[in-house]
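Keep in mind that what you see is a predicted model, and the values were worked out from it rather than measured.
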Protein chains: 2
Amino acid sequence: MADTELDERKVKILNAIIKNYLETGEPVGSRTISKYTDLNLSSATIRNEMSDLEDLGYIVQPHTSAGRIPSDKGYRFYVNNLIASKDKEVSDMKEWMIEREEKMENLLKNVAKVLASNTQYATLVSAPSVVSNKLKFIQLSAVDENQLLSVVVMDGNIVKNKIIHIEKPLDNETLLKLNMLLNTNLNGLSVDQINLALISRLKDQAGIHDEIISQVLDTVADTITEDEDLQVYTSGATNIFKYPELSDSKKASELLDTFEEKQSLIELLTDKNTDEETGIQVYIGDESPISSMKDCSIVTATYELGEGVKGTIGIVGPKRMDYENVVDNIKSLKGQLDKLLRNENKNDS
Amino acid sequence: MADTELDERKVKILNAIIKNYLETGEPVGSRTISKYTDLNLSSATIRNEMSDLEDLGYIVQPHTSAGRIPSDKGYRFYVNNLIASKDKEVSDMKEWMIEREEKMENLLKNVAKVLASNTQYATLVSAPSVVSNKLKFIQLSAVDENQLLSVVVMDGNIVKNKIIHIEKPLDNETLLKLNMLLNTNLNGLSVDQINLALISRLKDQAGIHDEIISQVLDTVADTITEDEDLQVYTSGATNIFKYPELSDSKKASELLDTFEEKQSLIELLTDKNTDEETGIQVYIGDESPISSMKDCSIVTATYELGEGVKGTIGIVGPKRMDYENVVDNIKSLKGQLDKLLRNENKNDS
DNA sequence: GTTAGCACTCATTTAATTAGAGTGCTAATC
DNA sequence: GATTAGCACTCTAATTAAATGAGTGCTAAC
């Protein structure tokens, strides 16, 4: 519908205004556009068109007799065009300095860091959520008389430990039996396949050691909750000071709090109306699900580790961010990450 | 020496100036002091004394004909007095809402949070360093054909995992033998007791599987480096915006960067000229080992988990922080933490 | 040694002025 | 009918000037 609303000339002018504003951060006036574009129109004509664009809600005046700046609707129009056009041409992927790291944690921290330093915005990366992940291996071992160590390995080599306190020492044989029981019954199952029926069957078979089974399953449960809730890595939060419109102390403080309290960033990552085709989602201003980011734009992309296990990378910056560069960067990073993680996974299993 | 430098009246005036400045954050003038103290001196007399104090370097004027503010030397004098006097009276411990948490990580995060919200400054808490910790238990298990999982448990129930890739599957017997070898030789040793001689003896005995031994020892090494280098939890970094003298965007940005890059905070925690008696260390302004904190004061305390395993809690705020309250808070928190962790440790072993 | 008194300094606040960018509208032009 | 030149008008931001006031340093008197 936006197509019928704007004729070609208006589109050109609108794009010119936005591009110019992205560069300068200053309201842009009619005279600037008159020179900036190849339309060869006088400033007066541009003024008329701008007046129309304002009526249509694509641009606004910060105050009477200032230039115009894009409204959220204007940005939205620009971004939609941008993503559409980028779909056609195969954007030449930037090569990233991502090296396979020992631990995924370090890898992801590094991704956040590199992205932040490349874009000069704040970034966040969420660890792949393991909701539909499968159990690969369980091991119970006696650390000492009163303590068992339960180790759970999930697909993708996510390892979780838990120390279990016990009243009486377990003899080796029982331990072996419990290990057997756990592994034969649980290995290969995804977390949501472990239902009450299965649990009670296990406990039955464990006899007096049913309490231990409970605790092991707690460890498994931990793997979900903890990973899903908390694993968000951020970097470059202080980049927001580079953009005056975000760096007044009240706004900045709220924003930085959000980054510190990573918990709340989850909102961004669970939102599932991501563009199916590109896997990229752009929130502009009020579109953001997080209120402290009402003056920001956010670009996120979902990467896949396979089997429905997904994580997200995102950047947060001012509304006048360099969408083109950011989308490019994030798209290519997503690609690299997809590839890297799948390989890693393949090597591992 | 400071004792002979200042007579009693000067001390009273200096303390009055500092106290007043801590409260208001404004330069304090002679007239204020004349009323504020019970010395019954006219402002003119105070002026003379202040002039002396300035000559001696305890206070400075931000500009001609403004009131005085404490210099670093002035703060230092004040703080020294404060800590000395506090040593005598048993400060009544505040009760904290610290609950035993499943994981030490969560506990420490929580400590940082509570302290930040109590003091309204930025806080950091380092996990206990395990340098002199002992190995308690090692377990190698086969996850699948090409992967071993090595689990290392240290004293204090710090658990580390590592996935080890192997070329050929190991049979059960070999695995058992390796486990035996590792546990009999290493259990009970502290990390610095594992020297080259021991390592090569182990490798000898492992025969063709010496590579696996190496990797297990890597895991052990990880436990040190990673824990020592990285485990710092912070909270309330944005509190610095509450203090105008820190919140101009350049300073704030540097400071927040330091908090984000937790790595660099280590400096604060390894510095070992902590007051032996109280375990509390105060850095004022330039005394700070971290350059981005030249305009801050820092109060740290070391807590002990026993056996020389130490961690640190600290707060970072403006130079005109409420030292009294902070020292009190941190002292009591340190106490609680000491107690809590020792109990926990006792329960566990 | 203490104090009253006064001249002087300098940051902060307020007000007034100016300069400049940009618009909207009208009338002329293509 | 679309485009443009021209001009009056508006509003911000920058500049300047003046007023305010807190606080000092010094001197002379107590």
- Task: Kindly point out which of C/dT3, D/dT12, D/dG25 is positioned nearest to the side chain of B/T45?
- Result: C/dT3

- Query: Any idea which of D/dT4, C/dA4, C/dT23 is nearest the A/N48 side chain?
  - Reply: D/dT4

Rounded to whole angstrom units, what separation is found between the [atom1] atom of [X] and the [atom2] atom of [N]?
X     : N      : atom1 : atom2 : result
B/I69 : D/dA22 : CD1   : C1'   : 16 Å
A/L41 : D/dG1  : CG    : P     : 19 Å
A/D52 : D/dG1  : CG    : P     : 16 Å
A/H63 : C/dG20 : NE2   : C1'   : 12 Å
B/K35 : D/dA22 : NZ    : P     : 10 Å
A/I46 : C/dA21 : CD1   : P     : 19 Å
B/M50 : C/dT2  : CE    : C1'   : 17 Å
B/E26 : C/dA11 : CD    : P     : 15 Å

- What nucleic acid atoms does A/A66 come within less than 4.0 Å of, heavy atoms only: base, sugar-phosphate, or nothing? sugar-phosphate

Examine the side chains of [X] and [Y] and answer whether a donor and an acceptor come within less than 3.5 Å of each other.
X      : Y      : answer
A/T119 : A/N329 : no
A/N15  : A/K12  : no
B/S43  : B/R31  : no
A/T300 : A/Y283 : no
A/T234 : A/K262 : yes

- Query: Given that A/V28 and B/P62 both sit by DNA chain C, which one's nearest nucleotide is further toward the 5' end?
  - Reply: B/P62

For a quick test of reading the model: is some side-chain N or O of [X] closer than 4.0 Å to OP1 or OP2 of [N]?
X     : N      : answer
B/T64 : C/dC10 : yes
B/R68 : D/dG25 : yes
A/S30 : C/dT23 : yes
B/R31 : C/dT3  : no

- Item | Base of C/dG24 paired with side chain of A/R47 (donor-acceptor, under 3.5 Å) | yes

- Message: So for A/S65 and C/dT23, does any side-chain atom that can act as donor or acceptor lie under 3.5 Å from a complementary atom in the base?
- Response: no

